[in-house]
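These notes are about the structure you will find just below.
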Amino acid sequence: MGRIEEAPASLKRSIGLRTVVTTSAGLTFASSTFLVVVTVAAMVRGNTAWLPILIAGILCALAAAAFSELNSLYPNAAGIRVYIQRAFGEPVALMASLTYMSVVLLVVGTESYVLSYVLHAAIPQIAPPVWILLMLTLATAANFRGLKVAGMLQDVITISVVLSILAMSLLALHSSLPPAHLLLHPGTPMQVFAAAGFAIFLFVGFEWVTPLAEEVTDVRFISRGMFIAVGLLTLVYALIATAMFAAAPKAQLLGAALQRNPIPHLTFAAAAFGPAGRLVMILTSICMSLTTFNAGLISVSRFLFASARDNVLPSRLAHLSVRYATPDVAVFVVYAGALAVSLFVYFSRQYVVLVNLAAATEALIYAFAGAAVVMLRKKEPQRTRAFRMAGGMLLPALVCILFVLLGLGVLLQPEWDSYGAGILLIAIGAGWWLYVRSVVMPRKKRLRAEQNARPSRRPRKDT
Amino acid sequence: MTSETQETLDHSLHSFASDCNAHEKLRVMNRDWNRTIHIHATDLNCHFTLTTQQSSVTVSAGAPDHADLVVMGDAELLTQIFYGELSPNEPYNEGTLRLKGSEEDILRLDFVTAMLWGE
């Protein structure tokens, strides 16, 4: 029989602020972000990419405030799924989380495309598609064995990446600082706004740190960690964007219209520091992709498992490997999906569509976060919040509106890369919505009824 | 009523432990998962300790000094989960079941319930 006690037990292992910051920033760093940096720079005039990146960073800090309040309400590893479910109900939460995870899988495809070129630059004898196959097989093997980049290793990788990029940026700017007029005239406000929407991709995943809410020593570390990480990412990307266009010719960084340069960061490093700099950038890029691959593949496979357990996806995906204690079927489904997307990106070169899709989806998820703050303040005003977003109802509502506009700004440009992403997002979202309404919700209703009819295992009471 | 609810929760935990100990595949999977799990029924403010040690699961009354994982919820909810009447996913996604610990341990506990009742 349990005894009545006041103090709950303390956890044997817990995470501090440093790991929260490195996890939040580390999940965001990826080799494909350099493609975004140069595309953002090409969308504005002169060398002013720092401005849309700064605007995107400030907006993401507002989104971080919304996530902080939601996380303090529900410190739960299921994160966004729980917040949306509490605010808008289960069908909307399922549609949003299934769409989000589908997009994450597409981002892994883009990342493996870029990394395959980075590795091909290091060892040219091996063609990029072979690298794609090798990398995904290796990452899947690690995922299958349950190996995860976390804790101290995550700290070391993220700190090395930040120091490497900062050092290269500052050294390049020291030797070729652009003139002031190039840094201060970005073009029209619409150009800057559209570029800021695209720059949201640079921050994709900073909020994935909220699952750590259940293992931190102080739940407030999550909000502090997200703010510090967003600030750090803004600084790093604004500096590298400025340095890249100061040290290397724009045409070389961007490549030709039909054959874009997939590795502009290597072009920059070679132009600024020669072969040694290129080698350092290759190593930095590999570190950046390592955490993205690991987190992306693990998150999607565990999400498939949890969704199968929750009767949302086919039950086969809940199968477990007894030997390694991992969801083996889900891991292999993710492997097949990531490989298909990667090879599609390699042969079609349609990665800008996927980057636009990811940026717009992320913007819409942030809009959901703002809206969830407003809704939950109305629905659950008495519930304790360790963090409360400032600005009453106005600021979270503004976050929602701004991110909807940013998302639409990314999707409503006249180029195929932009409206193609819009069509894809509508197709994915509508497909999941139909699936949830017509398959998942009736199935859940039926299973709940069956569950209630099942004989009880409880001891019988003799009266 | 309180005492009766507490007794039922206690019974559900022992029933869960014996199910785990009788499940051969689960014993293989958990051969190196040695953890102390603190079960806290928040409405009754009563505590139990579930210990997994070399594939064997035991239950004792009271809170441990240090836990790897803390499972919190009201007594009826915990009872339903440990009897296998309710999948933990639904209350977890609703925010009524709270877990504190590493993601790996939280996931492993879900693996255990999946293998017992859900797969």
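Reckoned from all heavy atoms, side chains included, excluding hydrogens, waters and symmetry mates. Per chain, numbering begins at 1; letters A, B, ... match sequence-line order.
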Derivation and outcome, side-chain contact (heavy atoms from CB on, under 4.5 Å), residues A/K444 and B/E90: CA-CA 10 Å; A/K444 279 182 164 256; B/E90 206 158 303; 4.0 Å; yes
Verdict with supporting geometry, B/Y92 and A/V82, side-chain contact (heavy atoms from CB on, under 4.5 Å): CA-CA 8 Å; B/Y92 185 64; A/V82 176; 6.0 Å; no
Working for side-chain contact (heavy atoms from CB on, under 4.5 Å), residues A/E90 and B/N93: CA-CA 9 Å; A/E90 196 175 18; B/N93 289 334; over 6 Å; no
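Here the straight-line distance linking atom CG of A/L212 with atom OG of B/S102 works out to 10.0 Å at 0.5 Å rounding. One finds the CG atom of B/L107 at 8.5 Å from the CG atom of A/L320 (value rounded to the nearest 0.5 Å). One finds the CE atom of B/M29 at 14.5 Å from the OH atom of A/Y324 (value rounded to the nearest 0.5 Å). With rounding to the nearest 0.5 angstrom, the CZ atom of A/R323 is 15.0 Å from the NZ atom of B/K25.
Other residues, nucleotides and ligands contribute only 12 or fewer heavy atoms inside 6.0 Å of the CZ atom of A/R145. Few gaps surround CZ on A/R443; more than 12 heavy atoms of other groups in view lie less than 6.0 Å from it. The 12-atom threshold is exceeded at CZ of A/R385, counting heavy atoms of other residues, nucleotides or ligands nearer than 6.0 Å.
In terms of heavy-atom proximity, A/F305 sits nearest to B/A114 at CZ-CB, 4.1 Å. The two atoms that bring A/P327 and B/F111 nearest to each other are CD-CZ, 3.7 Å, heavy atoms only.
Neither the backbone nor the side chain of A/R316 comes within less than 4.5 Å of any heavy atom of chain B. With a 4.5 angstrom heavy-atom cutoff, B/L86 touches chain A via backbone and side-chain atoms both. Heavy-atom distances place both the backbone and the side chain of B/Q80 under 4.5 Å from chain A. Looking at A/Y83, there are no atoms closer than 4.5 Å to chain B (heavy atoms on both sides), in backbone or side chain.
In this structure, A/R309 contributes its side chain and B/N89 its backbone to no donor-acceptor pair below 3.5 Å.
At a threshold of 4.5 Å between non-hydrogen side-chain atoms, the residues B/K100 and A/P75 do not count as touching.
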